[in-house]
Structures are given as C-alpha cells and as structure tokens.
2 protein chains.
Amino acid sequence: METISNKPMDDIEGKEKANTVMEEKMLPEITARYETAMFTVNRKLNAMIRELTPGDLTAEQLSTLRYIRSKGSATSSELADIFCVGRSSITAIITRLSAKNLIIRRLDEKDRRVIYLELSEEGTRLTDEMETRILHLFSKYLVDFDSEEAMLFINVLEKLAKVLAETADGSGNQQ
Amino acid sequence: METISNKPMDDIEGKEKANTVMEEKMLPEITARYETAMFTVNRKLNAMIRELTPGDLTAEQLSTLRYIRSKGSATSSELADIFCVGRSSITAIITRLSAKNLIIRRLDEKDRRVIYLELSEEGTRLTDEMETRILHLFSKYLVDFDSEEAMLFINVLEKLAKVLAETADGSGNQQ
DNA sequence: ATAGAATAGTTCAATAGTTGAACTATATCA
DNA sequence: TGATATAGTTCAACTATTGAACTATTCTAT
C-alpha cells in the first residue's frame, strides 16, 4: 500500500529519516486530533445506528448478529476474540439473542466442546433489514466525500486495523 | 479541505458527476470495509487503553476525565451531548469519579442550576499520567505510517466528525 | 493407555453504564 | 405573575462486562 500523492516532501535522499523525524515531532498533535475525531465519529454513529435499531436490540447484540451474518457462523471463543471481551460476556449476549429466537446453537459433531452460532430465519431477516438501513444512513454522509479521499481513508484505516490486530498481545481479555 | 493528490481521475469536465456515480456503485463495499476496519480499530484500541488504565477506572470514566481535562471544566449537560447519552448516565459516572476524589463539583454563582465539573489535583495528575501512556502507546503504531498518509487520514476523519456532528438531529438521547 | 494440561463453554456474584420516567430547583419569557 | 424551559438528581429495570469457579471434552507426552 503506497501513498498516491506524488508531491515530493523533502527528498534530500533521506526520505525514510525525514518522515520519521517529522512524525516524532507531530505525534502529540496527531494523537490528540485522531482521538477527538474518532471519539465523535464513534459516538455519533453509534447513536444514529441505535435509533435505526428496533427497541429491543442493543448495539452489542446487533454487532454480534452482523458478525455472524458476515461469516455464516461463529463460535463463542471467536466472538470473544473479535470483540475483545471475556467468553462469559459472549455467553450472556448469545443467551439473550437466543431467547429472542434470533440465533441458533448448532453442536459440532466432531469436537463436542464447540458450539456453532448461526442466525435463525428471523435473525437473518432482521440483520438484512438493518444492513439496508445502515447502508442508507451511510449513503447520506458519503456524498460529502469524493472517491479518492474515501479510498485513501479506507486504505489507511484498514492498514491501522491490520497493524493493531497483528499485535495480538493483550487483545483485551481472556481467561 | 481539498485533496492533496494531483493525479487526475476522469477529467472529462464532469468531475462532480463522475465522482458521485462511482461512489454510488461502491457504496456497499466502502461501507462494509469501513465498518469492519473501524470495529477492529476501536475494539483493539479500547482493549489496549484498558490495560494501561489503573484497575479501578473504566473507559467511560477515563474519557470523562480526559474531556474535562481538555476543556478545563464542563457541565453534565455538555457531557451528555458530547457522549450522546442521557444526563442521568453522566450523573452516575460523575458520582463515581467524585467518590474517588478525582472530580470536583463547582457551583455557578450566576445560574444556580448549573454545576461545573473540574478535575481535582489527583484527577489532573492521573489524567496527565494516562495521556503520557496513551501517547507512548500510539507512538508504537504511528511509525508504520508516513506523515503524508497520516495527515490525509486525520483530515478525512475530522471532516467526517464534523459532518456527523453538524447533523445535530437525533444525537442519540436527551430528555 | 493414561494422567495432566489445554480448550470450549457456562454459571454466578459484583459492578458499571444506560434508559426513561418522575422529581426538585432555578431561570426565562410573554 | 404564571407557564414553560433548563440543569441536574433519583430510582427501577436492564444489559454488558469481569473474573473466578465449574463441567465437559480433547490433546499430548510419557
């Protein structure tokens, strides 16, 4: 993934070093701006999605459904990893989704410890409906960005996600 | 805020329209990639920051302290707006922070309905310490990005935050 | 083959965050 | 002045999360 711009920066041969130094200096500012903006984006988007969601479904529950929808099925441990929470937390969420008949537990016949989580028909329908609504919401805001900046943004965001995900270290929680 | 790249896209005069059409088509893909990456980034970063934080301080509490630190002082209503939650939620958080002697309630003498929230000495010390740790954490990851892509990313992120914040509509919650 | 370790998931108690309604107190405005 | 709006709190109900203890399986190393 290389940058698109061809506007040269310093180009006194030591490109590598020049960039590093500059960032060192700008670190506090970049960090502060990143955090402030990220905070606002997350809070506002979550609030908006919350308003789109049927009253008896929480943000975590919706995220869980959507993740399973995207993968077809998932296990508790996988969800705990992805969501960076303990497994007991996932159990609680799954129990509630199951009580609402949105999720089905399917036993693995080979390894009888594992349980595959899948969406029920109703769960699939509801998740698809939410996907549509969210897409519609996003489309309202995406028109303010041109393709190029949007793609650049997404690429850097994905790179960041990759870098963070690779640092498997803490990863938040486990037992 | 204009894009930096000078690599022309289509330039058959109808730049405006060309871009719009292209995004329309790419909307589902962009949305999916954005959401997936954003989800990972948030979960991972939150988990990492959680690990840096003294055990008796939660993510919400830390965010609250940091916001107040950045502004000097804030009111409950202001925090409820920024955090997109109800005021009673803020009351609960403030009560706990106050019990830990990290926050002080200062009464406004002009308008006796409002209460300014400020950090105590201990709150200031703790928040500054956390800022340092977070900066250190970020610096580990920022080296993977060059200045240019970092700045582009931040600019688009801030633009997104601005667009979302301006849509004052739902804003999540209020009473 | 089997004992010990690892893995997948659940249960439970405790705590934090959130909602929404009802409430108090104060300020604004018409 | 009386109605309305604003700032904040309290309360009950609920969800999410943690961490420890637990069951049930599977793996692995001798």
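So that the names make sense, note that chain A is the first sequence line, chain B the second, and so on, each numbered from 1.
Rotation axes derived from the C1' atoms of the five outermost pairs at either end of the helix from C:dA1-D:dT30 to C:dA30-D:dT1 lie 30° apart, to the nearest 10°.
Within 6.0 Å of NZ on A:K100 lie more than 12 heavy atoms contributed by other residues, nucleotides or ligands.
Ring-centre distance between A:F39 and B:F83: below the 6.0 Å cut-off. Checked against a 6.0 Å centroid threshold, the rings of A:F138 and B:Y34 count as neighbours.
Dashed line: the shortest gap from a side-chain N or O of B:R50 to OP1 or OP2 of D:dT18 is under 4.0 Å. For the pair A:R87 and D:dT18, the criterion of a side-chain N or O lying under 4.0 Å from OP1 or OP2 is not met. Distances shorter than 4.0 Å separate some side-chain N or O of B:T91 from OP1 or OP2 on D:dT9.
Across all strands, A:S77 comes closer than 4.0 Å only to sugar-phosphate atoms, never to a base (heavy-atom distances). Across all strands, A:I93 comes closer than 4.0 Å only to sugar-phosphate atoms, never to a base (heavy-atom distances).
In the region residues 58-76 of chain A, proximity to DNA chain C at under 4.0 angstrom, judged on heavy atoms, holds for A:T75, A:S76.
In this structure, the nucleotide among D:dA7, D:dC27, D:dG8 sitting nearest to the side chain of B:R113 is D:dA7. Minimum atom distance to the side chain of A:R112 is reached by D:dT25, of the listed D:dT25, C:dA27, D:dT9. For B:S88, whose side chain is taken as the heavy atoms from C-beta onward, the closest listed nucleotide among C:dA8, D:dC11, D:dG19 is D:dC11.
Rounded to whole Å, the distance from CD1 on A:I90 to P on C:dT7 is 18 Å.
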